[in-house]
Student: 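Handing you a structure now.
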2 protein chains.
Amino acid sequence: MTRNEIQEKRMRGYFIQAASEILRSEGMRALSVRNIADRAGYSYATLYNYFKDVRELIFECVKVFMDEARTMIETERSKVAPGLPGIRRAAETYAMFFVQYPGVFNIFFTEKPNEIAGAQPTLALIYSFLDEICASDWKQIEESGSLPKAVISSKKDSLRFSLAGILLLYLNRRMAPDYSAFKKMLNKELDNILSM
Amino acid sequence: MTRNEIQEKRMRGYFIQAASEILRSEGMRALSVRNIADRAGYSYATLYNYFKDVRELIFECVKVFMDEARTMIETERSKVAPGLPGIRRAAETYAMFFVQYPGVFNIFFTEKPNEIAGAQPTLALIYSFLDEICASDWKQIEESGSLPKAVISSKKDSLRFSLAGILLLYLNRRMAPDYSAFKKMLNKELDNILSM
DNA sequence: CCTAAATTATTAACAATGTTAATATAATGA
DNA sequence: TCATTATATTAACATTGTTAATAATTTAGG
């Protein structure tokens, strides 16, 4: 990595840091180019020397959040036994992460992707995010032979869709319940899917 | 209804019509106050004589779309036997409606509600939308005694969450598959939930 | 060490957005 | 027909993302 590349990476980091701070605390609505640049200590136009447009910057933030979520989920997952309990704990933590950062959920699942190279792979990563973290758990269940492959695959899908759906409805207030009612619902749903 | 109320309703109708046409064909992104007013044949400021703000107008469009979806779903539902087949057909049509109008899905499920009176009830209506249409079907299943109440309630929830989730992932391109692959997935998921 | 060239940052400017205030037009009633 | 009221329109403002024109800074070469 040449000196210039180091500097460039650093500059990008400043803007990414600033943007993700805003997204975390105030959400997508409060984000603006001038906003980000202010917090990073630069003028708004400077941002365009390091990012094609604001969407590229936002997708960089997505990567940051994904790393953060992955760490959080893996930490929790490692506290319980591999296999079914691991998946269960991972799913719960996955949900809790988004409850903590509702703005991040919307960026992950509802923001329109742009045409920059590398956006589509990131989206695919979001889709299979939980599966990857739980890969070893699913593998263990498969190898135990207690469930046919097709059923396992179905359960993976169900988990994906249900989690996305319940979070969508709860975080965007299409669902009346408060947090504790939501959590009860989530647990019931996880019971349904992960009962084997 | 006084003469003025008739006129006012008519004017609101023009704007609602214009806005929903844009939403249907070009989606939320293309919607703007000037855009709507142009198509309605008025100046942009005139809109504010009939709506508090553009969000109120959008929520009026939501109601229009809900009526439309309800009609479509009920028509399809009536083509099959009551009970399980009715629910199945209704769920499929529900999904297809949003596939046809992806912008409407985002307004229904991801748009931030505003503080206008009447918004929260509309949101609750979205949440229980499919349940209401299928109320008689669910009732029949319950009365047949083939399933415990608790299981029925679980299945309702699962259906809600899974549909929301799979549509979210498909319509916002977090899922790679094309339309036919999506439909296969949807059917598999419905099989899972509605197998009794 | 000083100047020329290249790099990087900033200000100015544009078009588009939602919204409000000031003004013009139309409808109504005496 | 004229005064009043209701309704529509234009002007204006503050924000938004983005680009072009400048200003400041860093780098290279003598």
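Throughout, a chain's letter reflects where its sequence line sits, starting with A, and its residues are numbered from 1.
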Student: Do we get A:Arg160 above A:Tyr127's six-membered ring, with its NZ or CZ under 6.0 Å from the centre and within 45° of the axis?
Tutor: yes
Student: Can you check the B:Phe51 CZ to D:dT7 C1' distance for me, whole Å?
Tutor: 15 Å
Student: I need the CD-C1' distance between B:Glu8 and D:dA8, as an integer number of Å.
Tutor: 15 Å
Student: Whole angstroms only, please: what is the CD1-P distance between B:Ile58 and C:dG18?
Tutor: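 In whole Å, C:dG18 P lies 9 Å from B:Ile58 CD1.
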Student: Do any N or O atoms from the side chain of B:Arg174 and from the backbone of A:Phe108 form a donor-acceptor pair under 3.5 angstrom?
Tutor: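 Yes, the answer is positive, given that a donor and an acceptor are paired below the 3.5 Å cut-off.
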Student: May I ask you to list the residues of residues 35-49 of chain A, by number, that have any heavy atom positioned under 4.0 Å from an atom of DNA chain C?
Tutor: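 DNA chain C contact set from residues 35-49 of chain A: A:Tyr42, A:Ser43, A:Tyr44, A:Ala45, A:Thr46, A:Asn49.
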Student: Taking only the side-chain heavy atoms of A:Asp53 (C-beta and beyond), determine which of D:dT16, C:dA9, D:dT18 contains the nearest atom.
Tutor: D:dT18
Student: In whole angstrom, what separates A:Leu31's CG from D:dT16's C1'?
Tutor: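 Value for this atom pair: 12 Å.
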Student: Over how many whole Å does the gap from A:Arg34 atom CZ to C:dC14 atom C1' extend?
Tutor: 11 Å
Student: More than 12 heavy atoms of other residues, nucleotides or ligands under 6.0 Å from NZ of A:Lys183: yes or no?
Tutor: no
Student: NA contact type, A:Tyr50, heavy-atom cut-off 4.0 Å: base, sugar-phosphate, or nothing?
Tutor: sugar-phosphate
Student: Whole Å only: how far is the CZ atom of B:Arg55 from the P atom of C:dT19?
Tutor: 9 Å
Student: Inspect the surroundings of NZ in A:Lys188 and state if more than 12 heavy atoms from other residues, nucleotides or ligands are less than 6.0 Å away.
Tutor: yes
Student: Decide whether A:Asn49 and A:Arg12 meet the rule of one side-chain donor and one side-chain acceptor closer than 3.5 Å.
Tutor: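 Result is no, nothing qualifies.
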Student: Write down the distance between CZ (B:Arg10) and P (D:dT7), rounded to a whole number of angstrom.
Tutor: 14 Å
Student: Is there a side-chain contact between A:Leu163 and A:Leu186 (heavy atoms, below 4.5 Å)?
Tutor: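 The answer is yes, as the side chains (C-beta and beyond) meet within the 4.5 Å cut-off.
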Student: Please give, in whole Å, the distance from D:dG17 P to A:Met28 CE?
Tutor: 9 Å
